[in-house]
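Numbers restart at 1 for each chain; the letters A, B, ... are given by sequence-line order, proteins then strands. Basis for what follows: all heavy atoms, side chains included, without hydrogens, waters or symmetry-related copies.
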Protein chains: 2
Amino acid sequence: MVCSSILTRANGQETKARLLRTTETLFASKGVAGVTMRVVAKKAKTNLASAHYHFGSKEAMVLEMIKSKIEPINLKRRKRLDEAKVKFADKPLPNIEIFRALIHPVGEEVEKQITNQNGIIEIIARSFTEPAEFLDKIQKRFFGELSQVFMTELKNSNPDANEEDLYWNYHLAVSSMLGTLAQHRRMIDFSVGKYNENAVSAMIDRLIIFVSNGFEAGIQIKQ
Amino acid sequence: MVCSSILTRANGQETKARLLRTTETLFASKGVAGVTMRVVAKKAKTNLASAHYHFGSKEAMVLEMIKSKIEPINLKRRKRLDEAKVKFADKPLPNIEIFRALIHPVGEEVEKQITNQNGIIEIIARSFTEPAEFLDKIQKRFFGELSQVFMTELKNSNPDANEEDLYWNYHLAVSSMLGTLAQHRRMIDFSVGKYNENAVSAMIDRLIIFVSNGFEAGIQIKQ
DNA sequence: TCTTTCTTCAAACGATTGTTTAAATAGCCT
DNA sequence: AGGCTATTTAAACAATCGTTTGAAGAAAGA
């Protein structure tokens, strides 16, 4: 009643969004351990207890942030796969088209927010460099179904391949993708002079070729 | 002077070794964050301050443990590369031989201690799933020179290749290797029934083929 | 205006962390 | 035996963490 600040109280939803954005930045640069409720609250210009009020717990807050970043990408992955299936009519998809649908959407998301401080690429990478318990939750929550979809498509495209080979090499492909994303930051430091930060999409394109050919080399046609 | 326990005092070096082993186990299953000085000391049947006495700090302790695990592997990598060079006389090495020298020693180390609880594979994987600052130290301390050696060898074997292509695809190969090692645990859970724990060496062999072919596909012969 | 609901706040709680201190103990050399 | 050094120990320190509490503040419906 006394002074009444100009911007008195935020909407509540605005505060929540601000907290999520701050969580994103911190998580991208320092991982789950680097996201402390106090720092998040302070950077989001609100209170420690307010963060708990909106999310209930730290883990819930981080998971909600990750969901908001990954789900759009997963939707795009499915969409690209469907588009490719339409484009190739009833013919089986070339393997590289399947991997393009899996990998390319990540690159696009990077391009989209090239001005943004916290790259989506770091978010995804971090998601797979966290403690096992936390990671399993993400794996099952956001990637369980998706893997089934892509695995099925690979079977369709390689009907004569040994199923065990398919599984192994699919996992090699996914692991390569994740490993590459996770190592992205370090690649910047290492290959000095040979790297410019706008070349992320070039890396993605190379990754698709790399993974697709690695995959095909590993598939032994049965009998 | 009173009761004098049977095993009074350990050698000091024995205590240090016990601390390192405990650090290894904890780090393999929970990463740096899971290594707490108190737990390490207790599991190593010594005191909290004793751990500090021997290593000075937690980070120094973990780094010394990692050094003890990684250096033998790196030595073997160099040795394999030299052996391959002898075997192929003055002819340039096939790329797959180079990647075999890089990757296979890891698999051998896994086989060697197949009874051991804490797999070396988890150690290496964890080494690349830790906070960036910690990771950079490991990168520079244990992998800086090694990368130079292998990169040079790849240049020798692909003299006509675009140097930029070589760099990119070498990094893709290394990232794939690390990603695969890091994802190894999760692969066990995911591909239920299609995986048996003795098949690690099979995975390594597949990885070598995968990476080698991915690498070669990514190299465009300059003009 | 009064009540209700949503939101924010300062403060504290309880637990855990890496690190330090200072005293006690054991082995070894003279 | 006595002194020296290396090692181990219990206890405390200082910092940080996620979470909870209880009250204050603002908006909206009656």
Side-chain angles (χ1 to χ4, degrees), chain A residues 1-27 29-66 130-131 133-134 137, chain B residues 1-27 29-66 130-131 133-134 137:
Chain A
M1 68 168 63
V2 181
C3 83
S4 77
S5 52
I6 309 293
L7 266 183
T8 48
R9 179 168 66 116
N11 192 346
Q13 290 306 312
E14 287 179 18
T15 304
K16 194 171 178 179
R18 237 180 307 123
L19 284 166
L20 279 179
R21 274 198 301 272
T22 311
T23 302
E24 191 181 328
T25 305
L26 284 174
F27 180 84
S29 65
K30 299 187 181 180
V32 168
V35 181
T36 73
M37 299 300 278
R38 281 172 177 80
V39 174
V40 169
K42 176 169 276 185
K43 285 206 173 190
K45 294 189 190 304
T46 182
N47 187 268
L48 174 60
S50 176
H52 269 92
Y53 169 79
H54 282 290
F55 298 101
S57 73
K58 171 183 169 177
E59 187 182 77
M61 184 177 73
V62 174
L63 281 176
E64 189 159 329
M65 180 277 290
I66 290 180
E130 285 295 327
E133 315 82 41
F134 183 80
K137 266 177 198 158
Chain B
M1 74 167 57
V2 179
C3 82
S4 80
S5 53
I6 309 294
L7 267 183
T8 48
R9 180 167 67 115
N11 190 346
Q13 290 307 311
E14 288 179 17
T15 304
K16 195 171 179 179
R18 235 180 309 123
L19 284 166
L20 279 179
R21 274 198 301 272
T22 311
T23 303
E24 191 181 329
T25 306
L26 284 174
F27 181 82
S29 64
K30 299 186 180 181
V32 168
V35 181
T36 73
M37 300 300 278
R38 281 172 178 81
V39 174
V40 169
K42 175 169 277 185
K43 285 205 172 191
K45 294 188 191 304
T46 183
N47 187 269
L48 173 61
S50 177
H52 268 93
Y53 170 79
H54 281 289
F55 299 101
S57 73
K58 171 183 169 177
E59 187 182 77
M61 185 177 72
V62 174
L63 282 175
E64 190 158 328
M65 181 277 291
I66 289 179
E130 286 295 327
E133 314 83 42
F134 183 81
K137 266 177 197 157

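- Rounded to an integer number of Å, the gap from B:Lys42 NZ to D:dA10 C1' is 13 Å.
- No contact: B:Val40 has no heavy atom under 4.0 Å from any strand.
- Comparing C:dT8, C:dG18, C:dT7 by their nearest atom to the side chain of B:Thr36 picks out C:dG18.
- In this structure, A:Asn47 atom CG and C:dT8 atom P are separated by 9 Å, rounded to whole Å.
- B:Arg18 places its CZ atom 12 Å from the C1' atom of D:dT7, with the value rounded to the nearest Å.
- Rounded to the nearest 0.5 Å, atoms CE (A:Met37) and CG (A:Leu19) are 8.0 Å apart.
- Put simply, B:His54 has a side-chain N or O that comes within less than 4.0 Å of OP1 or OP2 on D:dT8.
- At least one side-chain heavy atom of B:Lys16 sits under 4.5 Å from a side-chain heavy atom of B:Glu64.
- The side chain of A:Met37 lies closest to D:dG18 when the candidates are D:dT7, D:dG18, C:dT8.
- Both A:Leu48 and A:Tyr53 sit near DNA chain C, but only A:Tyr53 has its closest nucleotide nearer the 5' end.
- The residue B:Ser50 sits close to a base: some heavy atom pair falls under 4.0 Å.
- Between A:Ser57 and the phosphate of D:dG18, there is no side-chain N or O to OP1/OP2 separation shorter than 4.0 Å.
- For the atom pair B:Thr15 OG1 and B:Tyr53 OH, the distance stands at 10.5 Å (nearest 0.5 Å).
- Straight-line distance from the NZ atom of A:Lys58 to the C1' atom of C:dA15: 15 Å, rounded to whole Å.
- Among the nucleotides C:dT19, D:dT8, D:dT19, the one closest to any side-chain atom of B:Thr15 is D:dT8.
- The NZ atom of B:Lys45 sits 14 Å away from the P atom of D:dA10 (whole-angstrom rounding).
- Taking 4.5 Å as the limit, some side-chain heavy atom of A:Val32 sits within range of a side-chain heavy atom of A:Lys58.
- Between A:Arg38 and A:Ala49, the one whose closest nucleotide on DNA chain D sits nearer the 5' end is A:Arg38.
- Atom NE2 of A:His52 and atom C1' of C:dT7 are 16 Å apart (whole Å).
- Between A:Glu14 atom CD and C:dC6 atom P the separation is 18 Å, expressed in whole Å.
- With values rounded to the nearest 0.5 angstrom, B:His52 atom NE2 is found 8.5 Å from B:Met61 atom CE.
- The CG-C1' distance, from A:Leu26 to D:dC17, rounds to 15 Å in whole Å.
- The residue A:Val35 sits close only to the backbone: its heavy atoms come under 4.0 Å of sugar-phosphate atoms, none of a base.
- Remark: B:Thr46 is not in phosphate contact with D:dT7, judged by side-chain N or O atoms under 4.0 Å from OP1 or OP2.
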